[in-house]
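Worksheet: the structure to be examined is printed underneath.
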Amino acid sequence: MTPLLNVKHWPLQLGSKDVLAPLIGWCGFVLVLTCYCLVYKQVLFASSFNFSWAVATETLMWACREWAVWMVLTPLAFACFRLNQKVIQPQHKGWLCCGVLLLIALLAKLAMELLASTGDAFSSLVVLFPRYLAASLVVMWVWRKYLRPCSARPKQPTLEPADANESASIMVNKGSGQVLLAIDAIQWLAASGNYVEVHTADGQYLLRATMQQLQEQLPARLFLRIHRSYMVNLGAIDCIQHLPSGSGKVLLKSGHTLALSKSYRKALQQFKFQAVP
C-alpha cells in the first residue's frame with residue numbers, strides 16, 4: 001500500500017496541473033468576484049460610493065477570505081483523487097467524494113470564522129452552503145472532465161473483427177466472465193442503468209456502455225435506434241405497428257415487442273417492413 005505522505009508517490013507537486021489549474025482558476029474567480037462587487041457598490045450606492053485603491057484592496061481581501069478554503073482544498077482534493085482514481089471511478093462514489101469535499105470546506109470555514117470571531121459563524125454557513133455546494137460540483141466536474149487520467153475514464157466498447165471472413169464481434173459480460181459475441185447475432189439492445197442489455201437468440205448479456213456509445217460503434221447497415229432505450233437489428237424485425245399518436249411498436253421475429261419513438265420513426269421509414277394496424 002502506498003503511504004499517503006510519501007513524497008516520492010505524492011502527486012501534489014509545485015508546477016503540476018493539479019496545483020496550477022485550481023490556483024489559476026480560483027485566482028481568476030476571486031478577481032472577477034472583486035470587480036463584480038466594486039461595480040455593484042458603484043451602481044447601488046452611486047451617490048455615496050467613491051472608488052479608491054483602498055476600497056478595492058479591502059474588497060479583494062474579503063473575496064480571498066471567503067474562498068481561501070477552496071484555494072487550498074482543491075489541489076489537495078485533486079491529489080487525493082489521483083491517488084485513489086480507481087476508488088472514485090464509479091459514479092455514486094464520485095457523488096460521495098463531492099459530499100465529503102463540501103463537508104470539509106464548510107467545517108474549515110466554520111473553524112476560520114470561530115478563530116477570527118467575525119460574527120455569527122453558523123449564520124455565515126447558511127449563506128455559504130449553496131455557494132460551496134456549487135463550488136464542490138464544479139471541482140468534481142473539472143476533475144472528471146479535464147484532469148482525470150485517461151486510464152480511469154470509462155472506455156467505449158470497441159468492435160473487433162474476428163477474421164477477414166467473419167463479422168465483427170464485441171466483448172460482453174456473461175455471469176462472472178466475459179465472452180466474445182458476434183454482432184450479427186444480436187437481435188436487439190435495451191438500456192439498463194449504467195449497462196446495456198444485449199439480447200440474442202441464445203440469451204441475454206450485459207455490456208457496460210451507453211446506448212449512444214453503441215449507436216456510434218455498431219454498423220448502421222445492421223442496427224437502428226428506435227427509442228432512447230432500444231436499438232434493434234434490422235434483420236430481426238418482423239413488422240411495425242403504427243399508433244395514432246405518431247409512435248409505434250416494432251414486432252420482432254422472436255416474438256418480442258419494442259417501443260418505437262416518434263422521433264426515431266422517420267429513420268425507420270426508409271426501410272421496407274410490413275406495417276400492421
Side-chain angles (χ1 to χ4, degrees), residues 86 88-96 144-145 150-277:
K86 293 183 179 180
I88 68 169
Q89 185 173 345
Q91 187 174 4
H92 68 280
K93 292 188 177 180
W95 287 111
L96 177 62
R144 298 178 73 89
K145 186 71 175 180
C150 294
S151 58
R153 299 176 184 175
K155 296 181 179 179
Q156 292 189 359
T158 56
L159 303 179
E160 301 177 357
D163 189 85
N165 297 322
E166 296 179 1
S167 60
S169 55
I170 193 169
M171 191 71 71
V172 295
N173 297 331
K174 183 179 181 180
S176 59
Q178 291 184 314
V179 296
L180 201 60
L181 184 67
I183 62 170
D184 55 7
I186 301 173
Q187 295 183 347
W188 56 285
L189 305 102
S192 178
N194 295 328
Y195 290 84
V196 171
E197 297 175 357
V198 181
H199 295 264
T200 68
D202 298 327
Q204 175 182 320
Y205 307 88
L206 281 178
L207 178 62
R208 187 171 180 83
T210 65
M211 292 295 285
Q212 183 62 36
Q213 290 174 344
L214 288 177
Q215 186 177 1
E216 295 173 355
Q217 290 286 321
L218 292 172
R221 61 181 178 82
L222 289 179
F223 292 88
L224 186 68
R225 187 82 172 265
I226 60 171
H227 190 274
R228 66 177 183 176
S229 300
Y230 298 111
M231 195 180 331
V232 65
N233 187 328
L234 295 173
I237 297 177
D238 183 27
C239 59
I240 300 172
Q241 181 180 5
H242 299 299
L243 300 177
S245 61
S247 58
K249 296 180 180 180
V250 176
L251 284 67
L252 305 184
K253 296 175 182 177
S254 61
H256 292 91
T257 301
L258 306 179
L260 172 61
S261 174
K262 184 178 180 180
S263 57
Y264 292 100
R265 179 176 172 178
K266 186 176 180 180
L268 193 60
Q269 287 177 343
Q270 61 180 309
F271 300 97
K272 300 298 182 181
F273 295 104
Q274 178 185 356
V276 296

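Owing to the predicted nature of the structure, the values given are computational and were not obtained by experimental measurement.
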Give, for atom CG of Leu218 and atom CD1 of Ile170, the distance between the pair rounded to the nearest 0.5 Å. 5.5 Å
Backbone N or O of Tyr264 within a donor-acceptor pair of the Arg225 side chain at under 3.5 Å? no
Per the side chain to side chain donor-acceptor pair (under 3.5 Å) rule, what does the pair list look like for residues 249-258, sequence neighbours excluded? Ser254-His256
Heavy-atom check, side chain of Leu224 versus side chain of Ile237, under 4.5 Å: no
Which donor-acceptor pairs under 3.5 Å do side chains of residues 195-202 form with protein atoms, sequence neighbours excluded?
from   : atom 1 : to     : atom 2 : distance (Å)
Glu197 : OE1    : His199 : NE2    : 3.2
Thr200 : OG1    : Asp202 : N      : 3.2
Thr200 : OG1    : Gly203 : N      : 3.3
Thr200 : OG1    : Gly203 : O      : 3.1

Within this structure, what is the CD-CZ distance for the pair Gln212 and Arg228, rounded to the nearest 0.5 Å? 14.0 Å
Here the pair of heavy atoms bringing Asp238 nearest to Leu252 is CB-C, 3.8 Å
pair Leu214-Phe223: side-chain heavy atoms closer than 4.5 Å: no
Can you check side chain to side chain contact (heavy atoms under 4.5 Å, CB included) on Leu207 and Leu189, steps first, answer last? CA-CA 10 Å; Leu207 178 62; Leu189 305 102; 5.8 Å; no
Distance from His242 atom NE2 to Ser247 atom OG, nearest 0.5 Å? 10.5 Å
Starting at CD1 of Ile183, measure out to CG of Asn233 and round the result to the nearest 0.5 Å. 8.5 Å
Value for OG1 (Thr210) from CD (Glu216), rounded to nearest 0.5 Å, stands at 7.5 Å
All heavy atoms of Ser261 vs all of His227, minimum pair found to be CB-CD2, 3.8 Å
If I take atom CD1 from residue Ile240 and atom CG from residue Leu258, how far apart are they, to the nearest 0.5 angstrom? 11.0 Å
